[in-house]
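Note that the coordinates shown come from a computational prediction; the quantities given were computed from them, not determined experimentally.
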Amino acid sequence: MIPASLRALLDATDGQRRAEWAGREVWLANEAWGELVVSLQGAQVLHFLPVSPEDATAEGSASAPDAARATGASVSPEDATAAGADATSGEGEEALVAGGWLWVTPTPQALPGAIRGGIPLCWPWFADENTADESEDRSGPMHGPARKADWRLDAVDEHEEGIELHLSPLERLHSQLVPRAVIQANANRLHVELITEHRGETPVKITGALHSYLAVNDARACRVEGLAGARYLDKLADFAEREQQGELGVRGGLDRIYHTNAELTLDDGQRRLRIARQGSDSAVVWHPGDERPADTSEAAGRRFLCVESANTRLDPVWLVPGAQHLLGTTLSLETDA
């Protein structure tokens, strides 16, 4: 679910190209296997829409809301209400367009602000776990410098089934640590890796997250499966430690850090999205509820839920000189097969 202006850039793309969106350089792919958009600010995946051969065959016979979801076509406010998609969210705000597994706000901040949505890279710290912050008073940016930094596209490896991108920051972001990102996309899945290499001389404690904004029918009606029995910290209750009773039903605002490495499933009533994580023993589930951010309207804010692969205070990573750490997330649809 992406802004109409970004949808228009994809519709004008045949194959791969670079373009400008919201003041940022973005890399776009519109291929037989599907669609992918990556912002070079933050190496941030903004959009992913796989296209299977079955989808392509059935597209001509699909109903209007289903076709919009499959192809990314625009929907009217009436169709949006029926389909669980959002067309307009406020006066002067552009349309959100159905289609894709990720959500991006229709009102992104101007530079140097970060884009809310997609999969931001939080590195080398997450939230207030800023032990890797090298500023004198640890007053560095929330979630670290990676998500606002400019990245270069080092390589694009194409194959019949999909594509693999390799990215690295244009400038050094830490005196001892060097990150790189790998993005793999095909007709079946999206996989994102954030790899940290220690090139310094003393151990460094890091946290981080792949802060995935997943597009949903309505955040208040979602269910996240795989967390039953897991211990978690409730950030809305001063980090009180609790145990999840049954599966997680989302009924309003929440901000929880679950201590688990289990694969999760997000069910929004229309699809079941599997979320696997690598190098992570923390699963963060977040939605602002009524306390939504300034860059997100009430209507647009109902259309996402964050389920994140993370390293937090529950599982920080100590890197010694010469060591590497891989934090990854893999999204795929649950099938009956």
| note | CD1 of I275 to CG of L264, rounded to nearest 0.5 Å, is 5.5 Å
| Main-chain N/O of C306 paired to H211 side chain as donor or acceptor, under 3.5 Å | no
| task | Answer yes if the side chains of H191 and T330 hold a donor-acceptor pair under 3.5 Å, and no otherwise. | result | yes
| note | Heavy-atom closest pair (H198 atom, L319 atom, distance to 0.1 Å) is CD2-O, 3.2 Å
| Okay, side chain of N130, backbone of R138: is any donor-acceptor separation there less than 3.5 Å? | yes
| message | Looking at R180 and E197, is any side-chain nitrogen of the basic one under 4.0 Å from a carboxylate oxygen of the acidic one? | response | no
| Is there a donor-acceptor pair closer than 3.5 Å between any side-chain N or O of Q244 and the backbone N or O of G246? | yes
| field | Side chain T260, main chain A262, donor-acceptor under 3.5 Å | value | yes
| message | Is it the case that the side chains of Q16 and E158 hold a donor-acceptor pair, with the cut-off being a distance below 3.5 Å and no angle test? | response | yes
| P179 to L177 - nearest heavy-atom pair and separation | CD-O, 4.1 Å
| request: Return the orientation label for the F304 and H287 ring planes: parallel under 30°, perpendicular over 60°, tilted otherwise. | output: tilted
| Does the side chain of L102 reach to within under 4.5 Å of the side chain of V45, using non-hydrogen atoms? | yes
| query | For the residue pair A300 and W103, what are the closest heavy atoms and their distance? | reply | O-NE1, 3.1 Å
| request: Evaluate the side-chain proximity of W101 to P50: yes if any heavy-atom separation is below 4.5 Å, no if none is. | output: yes
| task | Could you tell me whether the side chains of D315 and S282 share a donor-acceptor contact shorter than 3.5 Å? | result | yes
| said: Tell me if a side-chain donor or acceptor on R271 pairs with a main-chain N or O of V216 at a distance below 3.5 Å. | reply: no
| Roughly how far apart are L194 CG and W123 CH2, rounded to 0.5 Å? | 8.0 Å
| From R256 CZ over to L248 CG, what is the distance, rounded to the nearest 0.5 angstrom? | 5.5 Å
| Does the D133 side chain pair with the main chain of G140, one donor and one acceptor, at a distance under 3.5 Å? | yes
| query | Is a donor on one side and an acceptor on the other found under 3.5 Å between the side chain of W125 and the backbone of P141? | reply | yes
| field | Parallel, tilted or perpendicular, as decided by the 30° and 60° cut-offs, for the rings of Y258 and Y232 | value | tilted
| CH2/W27 to CG/L153 distance, rounded to the nearest 0.5 angstrom? | 7.0 Å
| field | Donor + acceptor pair across side chains of Q41, R147 (<3.5 Å) | value | no
| S168-D154 side chain donor-acceptor pair, cut-off 3.5 Å | yes
| Going by atom types only, do S309 and Q278 share a side-chain donor-acceptor pair under 3.5 Å? | no
| message | Looking at R223 and E247, is any side-chain nitrogen of the basic one under 4.0 Å from a carboxylate oxygen of the acidic one? | response | no
| query | Any ion pair linking E243 and R231 (charged N to carboxylate O, less than 4.0 Å)? | reply | yes
| task | Supply the atom-to-atom distance T296 OG1 to R303 CZ, rounded to the nearest 0.5 angstrom. | result | 13.5 Å
| field | Same apolar cluster: L96 and L6, side chain cutoff 4.5 Å | value | no
| How about T207 and T312: do any of their side-chain heavy atoms sit closer than 4.5 Å? | no
| request: Mark yes or no for whether R17, through its side chain, and L28, through its backbone, hold a donor-acceptor pair below 3.5 Å. | output: no
| task | Side-chain contact test, heavy atoms from C-beta onward, threshold under 4.5 Å: evaluate it for I183 versus L36 and give yes or no. | result | yes
| Hey, any chance L331 and L333 share a hydrophobic cluster, counting ILVMFWY side chains that come within less than 4.5 Å of each other, even indirectly? | yes
| said: Quick check: is L190 connected to V156 through a chain of hydrophobic side chains (ILVMFWY, heavy atoms under 4.5 Å apart)? | reply: yes
| field | L210 reachable from M142 in the ILVMFWY side-chain graph, under 4.5 Å edges | value | no
| request: Cation-pi check, R313 to F239: give yes when NZ or CZ is under 6.0 Å from the six-membered ring centre and within 45° of the ring axis, no otherwise. | output: yes
| task | Write down the atom of L305, the atom of C222, and the distance for their closest heavy-atom approach. | result | CD2-CB, 4.1 Å
| request: Tell me, with the steps shown, if Q324 and T196 meet side chain to side chain donor-acceptor pair (under 3.5 Å). | output: CA-CA 5 Å; Q324 291 188 355; T196 304; over 6 Å; no
| Checking T105 side chain against D295 main chain: does a donor-acceptor pair fall under 3.5 Å? | yes
| message | Starting from I2, can I reach L46 by hopping between I/L/V/M/F/W/Y residues whose side chains sit under 4.5 Å apart? | response | yes
| request: Kindly determine whether R7 and E35 satisfy salt bridge (charged side-chain N to carboxylate O under 4.0 Å, His left out), including the steps that lead there. | output: CA-CA 10 Å; R7 178 71 254 169; E35 301 172 348; 2.8 Å; yes
| task | Return the minimal non-hydrogen interatomic distance between Q44 and G117, and the atom names on each side. | result | NE2-O, 2.6 Å
| task | Check R272 against D267 and note the closest heavy-atom contact, atom names and distance. | result | NH1-OD2, 3.1 Å
| query | Taking H166 for the side chain and V182 for the main chain, is one N or O donor matched with an acceptor at less than 3.5 Å? | reply | no
